[in-house]
Asker: 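Below is a structure I'd like to ask you about.
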Amino acid sequence: MTYTTSRTYNQVFEDIERIVERINSKVPNMLAVELNESTAIITANNGKEIKRMSLDVYNAYSVVASLSHKVFND
């Protein structure tokens with residue numbers, strides 16, 4: 001799904017949260033996400049290291065959607 005600027009940051013962030021919940025249902029505590037104005041802060045834990053990314057909400061959606069695809073299709 002491609003997002004346009006007609007969707008608010010909060011709407012896109014809610015979609016991100018739903019995807020993160022779905023990923024965490026399969027791989028517990030893999031991701032956490034928080035919203036800071038128009039920036040999403042994603043924390044990823046692969047069991048070996050923890051990485052934090054700070055992205056605008058639209059790019060964060062792309063990252064989380066890609067991770068979801070990898071988790072559920074690999």
Side-chain angles (χ1 to χ4, degrees):
M1 179 184 293
T2 301
Y3 282 98
T4 63
T5 54
S6 64
R7 292 183 54 84
T8 68
Y9 290 122
N10 286 336
Q11 289 170 322
V12 177
F13 187 75
E14 288 171 3
D15 292 342
I16 292 170
E17 286 182 313
R18 281 192 285 281
I19 295 169
V20 167
E21 286 175 14
R22 185 166 182 254
I23 291 171
N24 285 339
S25 72
K26 184 165 183 180
V27 183
N29 301 315
M30 181 178 175
L31 292 178
V33 65
E34 58 189 275
L35 183 64
N36 182 7
E37 296 180 17
S38 64
T39 302
I41 301 168
I42 301 169
T43 304
N45 179 358
N46 68 4
K48 297 176 186 172
E49 62 183 322
I50 296 174
K51 292 187 177 187
R52 288 179 61 92
M53 297 172 267
S54 182
L55 303 164
D56 74 75
V57 172
Y58 300 103
N59 286 329
Y61 178 88
S62 295
V63 168
V64 172
S66 177
L67 285 170
S68 177
H69 181 75
K70 186 160 183 65
V71 166
F72 288 97
N73 294 312
D74 280 356

Asker: Show your working on side chain to side chain contact (heavy atoms under 4.5 Å, CB included) between D56 and S38 and close with a plain yes or no.
Answerer: CA-CA 6 Å; D56 74 75; S38 64; 5.7 Å; no

Asker: Tell me whether N29 at atom CG has more than 12 heavy atoms from other residues, nucleotides or ligands lying less than 6.0 Å away.
Answerer: no

Asker: What is the distance from atom CZ of F72 to atom CD1 of I23, rounded to the nearest 0.5 Å?
Answerer: 6.5 Å

Asker: Please report the shortest heavy-atom distance between M30 and N24, naming the atom on each side.
Answerer: N-OD1, 3.0 Å

Asker: For the side chain of N45 and the backbone of I50, is there at least one donor-acceptor N/O pair under 3.5 Å apart?
Answerer: no

Asker: Can you tell if the side chain of L35 reaches within under 4.5 Å of the side chain of N10, non-hydrogen atoms only?
Answerer: yes

Asker: Looking at H69 and N73, what are the two nearest heavy atoms and their distance?
Answerer: ND1-ND2, 2.7 Å

Asker: Which heavy atom of V33 sits nearest to which heavy atom of A40, and what is that distance?
Answerer: CG2-CB, 4.3 Å

Asker: Is it true that V64 and M53 fall in one hydrophobic cluster, defined by side-chain heavy atoms closer than 4.5 Å?
Answerer: yes

Asker: Would you give the length of the straight line joining atom OH of Y9 to atom CG of N36, rounded to the nearest 0.5 angstrom?
Answerer: 12.5 Å

Asker: Counting only heavy atoms from other residues, nucleotides and ligands, does the tally under 6.0 Å from NZ of K70 exceed 12?
Answerer: no

Asker: Minimum heavy-atom separation for I42 and L55, please, with both atom names.
Answerer: CD1-CD1, 4.3 Å

Asker: Indicate, with yes or no, if L67 and V27 share a hydrophobic cluster defined by side-chain heavy-atom contacts under 4.5 Å among Ile, Leu, Val, Met, Phe, Trp and Tyr.
Answerer: yes

Asker: Using every non-hydrogen atom in the two residues, find where V12 and Y58 come nearest and quote the distance to one decimal.
Answerer: CG2-CE2, 3.6 Å

Asker: Identify the heavy atoms of I16 and Y61 that sit nearest to each other, and give their distance.
Answerer: CD1-N, 3.7 Å

